[in-house]
Amino acid sequence: NLLIKMRYARLKKMQANYKNSLELLNSLKKDITKDLPNKMYIKYIFEMIDTRIRYADSLIRIDNTQAYNITIDAINFVNTIDPNSFDFTIYNSLFKLTYLYIQLLSCTDYSIDEFINYLSKYYPYILAAKNGNKKEQNFEIELENLKKKINVIDAKKINNIINFNAKINEINHGYIIKLSERGFGFIKPESYSYQTIYFHCTKFKGDFRSLKINDRVSFKLLVSNKTE
């Protein structure tokens, strides 16, 4: 079939480009130091993640095993980075990576435990990029399909992460660990082990600009169709 052959040729070209890109990026590791300007450092992180995402995405339903391995490789790279250095560019990359991960799990039988661990660690950052994203609805649909496929216990674990398994509708306390000029931030709760809580300035009672890192704040988790 001519169409299949053309698609295969395109895939081989992408594979070569992917390998070359990754080799070049890996060769830059020695130049990535703390003294590097932050924008350059973030650009490097973005390229390391995005290069893997774009290639893995092209492999879905053609070679799911390789697509999955590349996705896990991207996650392993993310795990080496201090989340405090993330910015909105990286949040978007995590959103795309998670969407890809969910798609792969929906059409394969790979371990859901690894996904749950990943989600529990990075969901606040994913949420920051998901809200208002043009693929938000598709993300939600794919995630619901995945939860229907897996067992009830694992689906509940995912729901607990998404719904912030904490003191819902009660006053909680925590400390500001990150603030963004885009009008959102992250809180490290005092009373439970969930990684971080994402919040938007529109939900903050007071002057958002007055907040500082390590400020102790009170907050309430509200769960509706969306987590606020």
Side-chain angles (χ1 to χ4, degrees), residues 28-29 31-50 53 74-99 101 115-133 136 139 158 160-224 226-228:
L28 299 175
K29 280 183 179 179
D31 300 315
I32 304 300
T33 67
K34 291 181 179 179
D35 298 326
L36 200 67
N38 188 57
K39 286 185 178 180
M40 187 67 71
Y41 179 65
I42 292 298
K43 179 66 175 174
Y44 172 76
I45 296 174
F46 167 78
E47 292 295 347
M48 288 290 279
I49 302 171
D50 196 62
I53 291 173
I75 291 169
N76 289 337
F77 171 74
V78 172
N79 287 337
T80 68
I81 308 300
D82 179 2
N84 288 323
S85 66
F86 292 172
D87 73 353
F88 202 78
T89 305
I90 307 305
Y91 303 158
N92 268 317
S93 293
L94 288 174
F95 171 77
K96 290 190 288 184
L97 183 61
T98 309
Y99 184 42
Y101 200 175
F115 173 72
I116 290 171
N117 290 335
Y118 162 79
L119 201 65
S120 68
K121 186 173 183 180
Y122 295 112
Y123 188 71
Y125 309 106
I126 297 162
L127 179 64
K130 180 175 75 73
N131 289 340
N133 191 290
E136 179 179 4
F139 181 99
I158 291 175
N160 285 343
I161 293 168
I162 293 172
N163 293 332
F164 299 117
N165 189 21
K167 298 177 181 177
I168 306 299
N169 293 322
E170 293 183 23
I171 297 298
N172 298 265
H173 297 91
Y175 294 89
I176 300 293
I177 60 171
K178 188 166 184 179
L179 294 167
S180 170
E181 294 178 356
R182 290 173 176 260
F184 62 86
F186 294 94
I187 300 168
K188 177 67 177 177
E190 285 182 343
S191 56
Y192 53 94
S193 61
Y194 191 79
Q195 294 283 330
T196 48
I197 300 296
Y198 162 81
F199 73 96
H200 193 268
C201 63
T202 55
K203 302 296 181 183
F204 180 68
K205 293 182 179 179
D207 185 359
F208 178 79
R209 293 169 296 182
S210 68
L211 285 177
K212 300 184 296 296
I213 301 299
N214 294 325
D215 278 355
R216 187 173 186 269
V217 293
S218 301
F219 63 94
K220 183 183 290 187
L221 299 178
L222 307 175
V223 179
S224 57
K226 291 185 178 181
T227 303
E228 298 181 338

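Values reported hereafter were calculated over all heavy atoms of this structure, with side chains retained and with hydrogens, waters and symmetry mates removed.
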Please report the interatomic distance [atom1]([X]) to [atom2]([Y]), rounded to the nearest 0.5 Å.
| X | Y | atom1 | atom2 | result |
| --- | --- | --- | --- | --- |
| Ile126 | Ile162 | CD1 | CD1 | 9.5 Å |
| Asp87 | Lys43 | CG | NZ | 11.5 Å |
| Ile45 | Ile90 | CD1 | CD1 | 5.0 Å |
| Phe184 | His200 | CZ | NE2 | 8.0 Å |
| Asp50 | Asn92 | CG | CG | 10.0 Å |
| Tyr125 | Tyr91 | OH | OH | 6.5 Å |

Test item: [X] and [Y] side chains (from C-beta on) under 4.5 Å apart, heavy atoms:
| X | Y | value |
| --- | --- | --- |
| Leu97 | Tyr118 | yes |
| Tyr101 | Leu119 | no |
| Phe139 | Asn133 | no |
| Pro189 | Tyr175 | no |

With sequence neighbours excluded, residues passing side-chain contact (heavy atoms from CB on, under 4.5 Å) with Leu211: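 Expected list: Ile176, Leu179, Phe199, Phe204, Phe208, Asp215, Val217.
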side-chain contact (heavy atoms from CB on, under 4.5 Å) partners of Ser93, counting only residues at least two apart: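 Once residues adjacent in sequence are excluded, the partners of Ser93 under the side-chain contact (heavy atoms from CB on, under 4.5 Å) criterion are Phe46, Ile49.
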Donor + acceptor pair across side chains of Tyr122, Asn79 (<3.5 Å):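 A donor-acceptor contact under 3.5 Å links the two side chains.
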Evaluation steps, side chain to side chain donor-acceptor pair (under 3.5 Å), between Thr98 and Tyr123: CA-CA 9 Å; Thr98 309; Tyr123 188 71; over 6 Å; no
Heavy-atom pair of closest approach, residues Ser218 and His173: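 Scanning both residues, the minimum pair turns out to be OG-CD2, 3.1 Å.
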Nearest heavy atoms of Phe88 and Ala129, plus distance in Å: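 The answer is CZ-CA, 4.0 Å.
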Arg216 atom CZ, over 12 foreign heavy atoms within 6.0 Å: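 It does: Arg216 CZ has more than 12 such atoms within range.
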